[in-house]
Peer 1: 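Structure in structure tokens, see below.
Just so it is clear, the model here is predicted, and its values are computed rather than measured. Just so you know, ligand 1 is whichever comes first in the structure, and atom 1 is the first atom listed for that ligand.
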Amino acid sequence: MTTRRKKIYEGKAKILYEGPEPGTLIQYFKDDATAFNGEKKAQLEGKGVLNNRISEYIMTKLTGIGVQNHFIRRLSLREQLIREVEIIPLEVVCRNIAAGSLSNRFGLPEGQALPRSIIEFYFKDDKLNDPMVAEEHITAFNWANTQEIDDIMAVTLRVNDFLTGLFSAVGITLVDFKIEFGRVWENDFARVILADEISPDSCRLWDSATNEKLDKDRFRRDLGNVIESYTEVARRLGIMKDMPTVIQGGLH
Ligand code: TMP
């Protein structure tokens, strides 16, 4: 990048830069893929472009149904303008079907439907490996208050319902996903809105017909064809036409 600008935060898959106006930031999507808290690392050419566009598409759809979120507009292939929020240090996971750490924790076969959707909270702290926490920890340590937790859970279920339908319409099963929230202040009042990203990095997406994985588990589990799978998600969502030809033509 040629522009000189202030880096506010660098995570494993994204960088936040100072935005053009107060109260805004630029969210840059890297091609870096990591798993197991950064133990496993790779560069996947095109991932940043795909996640930038997929997340934009989903956040814009969510705005359309009244789910407020930080997305303002796409700036470039890997960058989007977002509203600055005070991030709540929680990873909010919502699950419809047993997989991943839930399957491991409770000995449930992957693919088993859950009796109802389950929301879990993890404390966002790499040094501690994002431990799972209860509402008691969240309120006692002041990460969020009870009203905010209620709001977060209600929005999470709405996002789940909406995304389940959105993906199901294109032959994809939404197994689970992780979202994050942030506070925005209006006068003396804080409101919680959706932040971060929603992409195949942060969801489990299975082809409805074959159960083939179309998400980051392809990277975590060395299944190959990671970019091809993210591309397939974008193609089914009908947004591949917006992609640069280098990605449309395949990046292998
Ligand atoms: P898990 O089964 O590994 O707990 O993951 C649950 C969901 O959360 C899955 O869709 C992947 C997503 N996730 C992230 O987005 N970031 C993470 O650091 C982890 C561990 C999971």
Peer 1: For Val93, which fellow cluster members are found when Ile, Leu, Val, Met, Phe, Trp and Tyr are connected by side-chain heavy-atom distances below 4.5 angstrom, either directly or through intermediates?
Peer 2: Tyr122, Met132
Peer 1: When you check the gap from the basic side-chain N to the acidic O, do Glu232 and Arg218 get nearer than 4.0 Å?
Peer 2: no
Peer 1: Looking at atom 7 (C) of ligand 1, what's its closest protein heavy atom, distance included?
Peer 2: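 Looking only at protein heavy atoms, the one closest to atom 7 (C) of ligand 1 is Asp176 OD1, 3.7 Å.
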Peer 1: Answer with side chain, backbone, both or neither: which part of Cys203 has a heavy atom less than 4.0 angstrom from an atom of ligand 1?
Peer 2: backbone
Peer 1: Please state which part of Lys216 comes within less than 4.0 Å of ligand 1, counting heavy atoms only: side chain, backbone, both or neither.
Peer 2: neither
Peer 1: Between Asp215 and Arg204, does any NZ, NE, NH1 or NH2 come within less than 4.0 Å of an OD or OE carboxylate oxygen?
Peer 2: no
Peer 1: Out of Glu197, Arg204, Glu180, Lys178, whose heavy atom sits nearest atom 5 (O) of ligand 1?
Peer 2: Arg204
Peer 1: For ligand 1, does Asp201 get within less than 4.0 Å through its side chain, its backbone, both, or neither, judged by non-hydrogen atoms?
Peer 2: backbone
Peer 1: For ligand 1, which atoms, with element, lie under 4.0 Å from some heavy atom of Arg220?
Peer 2: 11 (C)
Peer 1: Would you please say whether a donor-acceptor pair under 3.5 Å links the side chains of Glu21 and Thr24?
Peer 2: no
Peer 1: Quick one: nearest non-hydrogen protein atom to atom 1 (P) of ligand 1, plus distance?
Peer 2: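 Sorting protein heavy atoms by distance from atom 1 (P) of ligand 1 puts Ser101 OG, 3.4 Å first.
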Peer 1: Decide if atom NZ of Lys30 counts as having more than 12 heavy atoms of other residues, nucleotides or ligands within a radius under 6.0 Å.
Peer 2: yes
Peer 1: If you measure only the distance, is there a donor-acceptor pair under 3.5 Å linking the side chains of Arg95 and Ser101?
Peer 2: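 Yes.
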Peer 1: Please identify which atoms of ligand 1 are closer than 4.0 Å to at least one heavy atom of Gly100.
Peer 2: 2 (O)
Peer 1: When you look for heavy atoms under 4.0 Å from ligand 1, do you find them on the side chain of Glu110, its backbone, both, or neither?
Peer 2: neither
Peer 1: Passes side chain to side chain contact (heavy atoms under 4.5 Å, CB included), Phe177 versus Val159? Steps please.
Peer 2: CA-CA 10 Å; Phe177 62 93; Val159 170; 4.0 Å; yes
Peer 1: Would you mind running through ligand 1 and noting each atom that sits below 4.0 Å from a heavy atom of Phe177?
Peer 2: 10 (O)
Peer 1: Output all residues satisfying ring-ring contact (aromatic ring centres under 6.0 Å, His included) with Phe123, sequence neighbours left out; order by chain, then residue number.
Peer 2: Trp143
Peer 1: Is the NZ or CZ atom of Lys47 positioned over Tyr230's six-membered ring, under 6.0 angstrom from the centre and within 45° of the axis?
Peer 2: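 Geometry flag: not set, cation outside 6.0 Å or 45°.
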Peer 1: Check ligand 1 against Glu91 and write out every atom of the ligand that is under 4.0 Å from a heavy-atom position of the residue.
Peer 2: 16 (N), 17 (C), 18 (O)
Peer 1: Does ligand 1 have a heavy atom under 4.0 Å from the side chain of Val93, from its backbone, from both, or from neither?
Peer 2: side chain
Peer 1: Can you find a protein heavy atom under 4.0 Å from atom 20 (C) of ligand 1?
Peer 2: no
